[in-house]
Visitor: 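Here it is, the structure, as structure tokens.
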Amino acid sequence: MKRALIVIDVQESFRARPLWERISNPEIAEPVNRLVRTARDQGDLVVWVLHTEPGSGDVFDPELGHVRLLAELEQPLPGEPVLRKTSHNAFTTTNLQQLLTEAGVGELWVCGIRTEQCVETTARLGSDLGYDVVFVADATATDPIGDLSAEAVIERTQAVLRDRFARIATVAELAPARA
């Protein structure tokens with residue numbers, strides 16, 4: 001079965017927000033880069049997804065220049081799709097499903113920013129569409145929500161996805177350390 005790594009919203013827009021100082025993993029580029037290198041080494045498809053809100057005037061408005069991958073990330077290689085979405089999940093407002101179908105993909109590794117929002121909704125929809133989904137929890141990041149710490153949000157997300165919508169994995173389980 002072919003596999004794809006879906007890198008969701010690991011973008012400068014989040015760093016441009018005041019909440020960035022409270023994000024659970026400000027070094028998210030490091031584990032995501034390990035996954036990207038592993039996916040490439042194994043011949044998997046790598047798909048990059050950016051959240052955009054055209055005309056909003058905020059950090060997700062492409063006109064302001066923040067809708068771009070974090071500078072520390074491995075950058076897309078030629079042939080790696082870079083999709084722009086306007087919904088929470090990576091499927092609804094993009095051609096992601098078409099790309100995955102054309103590539104014969106059956107398994108998804110998902111990672112990115114806003115563990116409980118865009119990454120979780122992509123995992124759920126991917127599962128509903130019949131993909132085997134692996135949620136790479138330590139390659140996600142989020143902010144506290146209300147009285148919940150970011151860690152509690154991540155724990156809750158893993159609990160509701162585990163064995164229902166996705167297999168929960170760590171970067172170390174999926175991406176062997178390089179010598």
Side-chain angles (χ1 to χ4, degrees), residues 1-11 13-14 25 27-52 67-142 154 157-179:
M1 172 186 324
K2 290 191 77 175
R3 183 172 44 229
L5 170 64
I6 314 298
V7 180
I8 304 164
D9 301 349
V10 185
Q11 64 192 70
S13 305
F14 286 100
N25 185 3
E27 304 299 322
I28 187 169
E30 185 178 320
V32 170
N33 282 338
R34 279 187 63 192
L35 291 174
V36 168
R37 289 189 296 267
T38 297
R40 288 173 176 165
D41 288 349
Q42 295 178 359
D44 297 339
L45 177 64
V46 178
V47 180
W48 306 86
V49 182
L50 295 167
H51 185 78
T52 182
V67 180
R68 65 185 190 283
L69 296 171
L70 289 181
E72 309 91 321
L73 280 177
E74 301 272 342
Q75 295 300 298
L77 295 178
E80 291 179 349
V82 179
L83 308 179
R84 297 188 184 314
K85 67 178 179 62
T86 56
S87 62
H88 293 294
N89 74 78
F91 286 98
T92 302
T93 59
T94 71
N95 66 336
L96 177 58
Q97 186 177 8
Q98 177 184 353
L99 289 171
L100 298 174
T101 300
E102 288 173 356
V105 170
E107 180 179 334
L108 307 178
W109 289 0
V110 296
C111 64
I113 294 183
R114 291 309 296 262
T115 307
E116 80 295 346
Q117 193 168 328
C118 299
V119 186
E120 179 182 346
T121 59
T122 299
R124 286 175 179 259
L125 190 50
S127 174
D128 284 350
L129 292 170
Y131 295 98
D132 291 331
V133 178
V134 178
F135 187 88
V136 191
D138 60 341
T140 71
T142 196
I154 294 168
T157 301
Q158 291 179 61
V160 298
L161 290 177
R162 182 177 286 112
D163 301 327
R164 294 183 183 124
F165 298 97
R167 176 169 69 90
I168 308 301
T170 65
V171 173
E173 292 169 341
L174 302 174
R178 291 179 160 209

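Throughout, numbering of the chain's residues begins at 1 and tracks the sequence.
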Visitor: Side chains of V36 and W48, heavy atoms from C-beta outward: is any pair under 4.5 Å?
Guide: yes
Visitor: Under the rule for salt bridge (charged side-chain N to carboxylate O under 4.0 Å, His left out), what residues qualify as partners of E116, not counting sequence neighbours?
Guide: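 Once residues adjacent in sequence are excluded, the partners of E116 under the salt bridge (charged side-chain N to carboxylate O under 4.0 Å, His left out) criterion are R114.
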Visitor: Is there a donor in the side chain of T115 and an acceptor in the side chain of T142, or the other way round, less than 3.5 Å apart?
Guide: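 There is no such pair between these side chains.
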Visitor: Quick check: closest heavy atoms across A39 and V46, and the distance to 0.1 Å?
Guide: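 Answer, listing the atom of A39 first, then V46: CB-CG2, 3.8 Å.
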Visitor: For the residue pair G79 and P81, what are the closest heavy atoms and their distance?
Guide: O-CD, 3.4 Å
Visitor: Nearest heavy-atom pair of C118 and K85: which atoms, and what distance?
Guide: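 That would be SG-NZ, 3.3 Å.
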Visitor: By the side-chain hydrogen bond (donor to acceptor under 3.5 Å, both in side chains) test, which pairs, at least two apart or in different chains, include something from residues 121-130?
Guide: E120-R124
Visitor: Check whether any side-chain heavy atom of L50 lies under 4.5 Å from a side-chain heavy atom of V67, and answer yes or no.
Guide: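 SC-SC contact between L50 and V67 confirmed.
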Visitor: Main chain of T52, side chain of R84: is a donor-acceptor contact present, judged purely on distance under 3.5 Å?
Guide: no
Visitor: Under 3.5 Å, side chain of D9 to main-chain N/O of G112, donor-acceptor pair present?
Guide: no
Visitor: Flag the pair L96 / I6 as yes when at least one side-chain heavy-atom distance between them is below 4.5 Å, and no otherwise.
Guide: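 The answer is yes; the side chains approach within 4.5 Å.
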Visitor: Are the side chains of L100 and L45 in touch, meaning some heavy atoms are under 4.5 Å apart?
Guide: yes
Visitor: Find out whether V119 and I113 are in side-chain contact, i.e. whether some heavy atom of one side chain is under 4.5 Å from a heavy atom of the other.
Guide: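 A side-chain contact under 4.5 Å is absent here.
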Visitor: Once ring-ring contact (aromatic ring centres under 6.0 Å, His included) is applied, what residue pairs with a partner in residues 102-128 remain, sequence neighbours excluded?
Guide: none
Visitor: Among T94, L125, T93, which residue satisfies the side-chain contact (heavy atoms from CB on, under 4.5 Å) criterion with S87?
Guide: T93
Visitor: Taking all non-hydrogen atoms of both residues into account, name the closest pair between P76 and L69 and its distance.
Guide: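 Shortest heavy-atom contact: CD-CD1, 3.5 Å.
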Visitor: Measure the spacing between CG of L99 and CD of E80 and express it to the nearest 0.5 Å.
Guide: 12.5 Å
Visitor: Say you draw a straight line from OG1 of T140 to CD1 of I154; how long is it, rounded to the nearest 0.5 Å?
Guide: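 Output value for this atom pair is 4.5 Å.
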Visitor: ring-ring contact (aromatic ring centres under 6.0 Å, His included) with F135: which residues, sequence neighbours excluded?
Guide: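 Not a single residue meets the ring-ring contact (aromatic ring centres under 6.0 Å, His included) criterion with F135.
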Visitor: So does H51 get a backbone contact from the side chain of Q11, meaning a donor-acceptor N/O pair under 3.5 Å?
Guide: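 The answer is yes, because a donor-acceptor pair under 3.5 Å joins these two groups.
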Visitor: Which pair of non-hydrogen atoms, one from C111 and one from A139, has the smallest distance, and what is that distance?
Guide: CB-O, 3.2 Å
Visitor: Just verifying a value: how many Å separate L35 CG and R40 CZ, rounded to the nearest 0.5 Å?
Guide: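 Nearest 0.5 Å value for the CG-CZ distance: 11.5 Å.
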Visitor: For residues E102 and Q98, determine if any side-chain heavy atom of one lies less than 4.5 Å from a side-chain heavy atom of the other.
Guide: yes
Visitor: Mind checking what makes salt bridge (charged side-chain N to carboxylate O under 4.0 Å, His left out) contact with E72, not counting sequence neighbours?
Guide: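 For E72 the salt bridge (charged side-chain N to carboxylate O under 4.0 Å, His left out) partners, ignoring immediate neighbours, are R15.
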Visitor: Determine the minimum heavy-atom distance between T38 and L174, stating which atoms define it.
Guide: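 Closest approach of T38 to L174, heavy atoms only: CG2-O, 3.5 Å.
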Visitor: Flag yes if more than 12 heavy atoms outside Q75 fall under 6.0 Å of its CD atom; otherwise flag no.
Guide: yes
Visitor: Just how far is it from atom CG of L108 to atom CZ of F91, taken to the nearest 0.5 Å?
Guide: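 Atom-to-atom, L108:CG and F91:CZ are 5.5 Å apart.
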Visitor: Show the atom names and distances, to 0.1 Å, of all donor-acceptor pairs under 3.5 Å that link a side chain in residues 157-170 to residues at least two apart or in another chain.
Guide:
unit_1 : atom_1 : unit_2 : atom_2 : d
T157   : OG1    : V153   : O      : 2.8
R164   : NH1    : V160   : O      : 3.4
T170   : OG1    : E173   : N      : 3.2

